[in-house]
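Read the structure below first, then the notes.
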Amino acid sequence: MNRLLYNNSVLYRGTRHILFFAVTVLLFSGILYVQNDSNDFVPIFLMTLGNAVFFFGYAYITIFLLIPELLLKTKPFWFIVVFLLVGVGLSALKLVFSDYIFYASISPENMSQNNVFTLRSIVLNTKDMTFIVALFCIAKYVKDFILAENLRKKLEQQHRKAQTTLLQSQFDPHFMFNTINNLYALSLLNPDKTNEVISRMKTVLTYIINESLKEFVSLEDEVKLVENYLQLEKLRYGKRLKVSYSSEGDLAAAQIPPMVLFLLVENSFKHGSSLDAGAPWINIIVQATENEIRIETENSKPENLKKKRKEIEKGSGYTGLKNRLNILYNEKGYQLLVKDLGDRFKVQLELKN
C-alpha cells in the first residue's frame, strides 16, 4: 500500500492517477444519481466523465506545467495570466461539451432552454474549476511534502548513523597491544593464567566487533565489558593497582551508546595509572535511574604529570566522545565534565533517558 502511495516510478504514478480519476468519477456520478432520482445511471456517468476530463486537465496543466515553468521560476504575473486564460478556455469548451454536444446527442430533453454560453456562465464555471484545481494542488504538494520530509528524515538518520559509525570506528587499540605484550610475558612467567587472559581478551574483542557499531546497547553489557577489561588490567598492574567499582540501579533496562563507559575507564588507565610508578588507584561509579545514567571515574594523578586539563581533554578521546554524544543527544541531553583536581583526575558523565 505504501508503495502505491509513495513510489514515484511510472507504473505506480500512472496507477495512482488512474485510480484517483476512476474513484472521483464514480463518486460524483453516484452523488448526482441519488440527488436527481434518475433511473438511468449511464447518462449521468458519461456527463460526469466528460466534465472530469476538463477538471483533471486543468489541474494537470496547472500542477505539471504552469507551476514548474512559471510560478517556480519566479514569473508570478505570467502564471496568473496563463492560468486564467487556460481556465477560461477550458470552461468554454466544457460548456460547449456539456450542453451542446452531450445533452444534444444523449439527453436532448435536459438541454438548457436559454443560451448558457455567456461570459457570466464561463466566469462562474472557471471559478468552480479553479476551486477544484486548488484542492488538487494542495493534495499534490502535501503528498510531496510528506515524501520530502520522509526522505529528509531518512537521509538525516543515515547521516547520523554514518557519523556515529565513523566516530566509533576511531577506536584506540593501545590496550590490545599492552594486553598482547602482557600475554606473552605471562605465558613465560605464569602459564596457568594465560587461558584466562585469552578468554577475557576474546570477550572484549567480540564485544567491540559485534556491539560497538550499534547506536545503543544495554548498560549491563557495557559494564560486563568493563569488568573484563579491569581484570585484564589487574593482571598487568598486579597488586599495586587499587580499583573500586560500584553500580546502582537497573543496568539491564538502561541504554547507553557502546564503548562510552569503556572509554572513560580506559582513559583512567591511559592518562593516570599507566604513568604512575607508585600505587595507582581508580574509582568507578555507575548509577542508572529512570531518568538518567550517571557515570563517574576518578583516578590518581602521577606527580610528574604536568599536562593541563585542556590538554588532557584534547588528547584523551573526549573530543570524539563529545562528537558522538552531540549526534545521539542534544546539548541538553548530556553533561560531560573533566576535572583536574591537582592530585587526581575526575570525570563525570550524565546521560538523560
Side-chain angles (χ1 to χ4, degrees), residues 1-32 35 43-106 112 115-156:
M1 188 63 180
N2 285 337
R3 184 176 296 180
L4 178 61
L5 291 175
Y6 299 115
N7 193 300
N8 278 327
S9 65
V10 176
L11 175 62
Y12 286 104
R13 289 184 68 185
T15 303
R16 282 199 301 269
H17 289 287
I18 292 171
L19 287 175
F20 182 58
F21 181 83
V23 170
T24 302
V25 171
L26 290 173
L27 177 63
F28 280 93
S29 297
I31 293 173
L32 291 174
Q35 288 180 343
I44 293 177
F45 172 77
L46 293 176
M47 183 189 69
T48 306
L49 178 63
N51 288 333
V53 170
F54 291 99
F55 280 102
F56 274 76
Y58 193 19
Y60 285 147
I61 290 172
T62 302
I63 292 171
F64 297 108
L65 181 61
L66 300 185
I67 291 178
E69 295 300 323
L70 296 176
L71 188 60
L72 296 183
K73 291 184 178 179
T74 63
K75 299 177 181 178
F77 173 77
W78 288 111
F79 169 76
I80 295 172
V81 170
V82 177
F83 177 74
L84 292 176
L85 288 176
V86 171
V88 169
L90 289 175
S91 294
L93 289 174
K94 175 180 171 295
L95 289 173
V96 171
F97 169 82
S98 298
D99 207 62
Y100 292 101
I101 297 178
F102 176 78
Y103 285 130
S105 59
I106 296 178
S112 301
N115 182 21
V116 297
F117 196 73
T118 63
L119 179 60
R120 181 176 182 276
S121 61
I122 292 175
V123 170
L124 290 176
N125 196 72
T126 303
K127 180 197 71 173
D128 294 338
M129 292 179 66
T130 302
F131 175 74
I132 299 299
V133 170
L135 294 179
F136 274 62
C137 290
I138 292 172
K140 164 73 165 57
Y141 287 102
V142 165
K143 180 183 76 70
D144 288 349
F145 173 79
I146 293 173
L147 283 174
E149 187 67 12
N150 288 339
L151 179 61
R152 183 191 65 79
K153 290 180 179 179
K154 185 177 180 181
L155 292 175
E156 189 178 76

Subject >> Side chain proximity check, Tyr58 to Ile132, heavy atoms < 4.5 angstrom >> reply: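 Side chain of Tyr58 against side chain of Ile132, heavy atoms only: no contact under 4.5 Å found.
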Looking only at heavy atoms, which two atoms of [X] and [Y] are closest? And how far apart?
{"X": "Phe64", "Y": "His17", "result": "CZ-CE1, 4.2 Å"}
{"X": "Thr126", "Y": "Ser91", "result": "OG1-OG, 2.8 Å"}
{"X": "Ile63", "Y": "Cys137", "result": "CG1-SG, 3.6 Å"}

Nearest 0.5 angstrom please: [X] [atom1] to [Y] [atom2], how far?
{"X": "Leu85", "Y": "Leu90", "atom1": "CG", "atom2": "CG", "answer": "11.0 Å"}
{"X": "Phe21", "Y": "Phe55", "atom1": "CZ", "atom2": "CZ", "answer": "11.5 Å"}
{"X": "Leu19", "Y": "Thr24", "atom1": "CG", "atom2": "OG1", "answer": "10.5 Å"}
{"X": "Ile61", "Y": "Glu69", "atom1": "CD1", "atom2": "CD", "answer": "13.5 Å"}
{"X": "Leu11", "Y": "Arg16", "atom1": "CG", "atom2": "CZ", "answer": "10.0 Å"}

Original post:
Of Val86, Ile67, Leu70, Val82, which meets side-chain contact (heavy atoms from CB on, under 4.5 Å) against Thr62?
Top reply: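 Option passing the side-chain contact (heavy atoms from CB on, under 4.5 Å) with Thr62: Ile67.
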Original post:
Out of Leu27, Val25, Ile31, Leu26, which residue meets the side-chain contact (heavy atoms from CB on, under 4.5 Å) rule with Thr48?
Top reply: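 The option that passes is Val25.
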Original post:
How about Phe136 and Tyr60: are their ring centroids closer than 6.0 Å?
Top reply: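 When the ring centroids of Phe136 and Tyr60 are compared, they turn out to be at least 6.0 Å apart.
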Original post:
Take atom CZ in Phe28; do more than 12 heavy atoms of anything else shown fall under 6.0 Å from it?
Top reply: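 Counting other residues, nucleotides and ligands, CZ of Phe28 stays at 12 neighbours or fewer.
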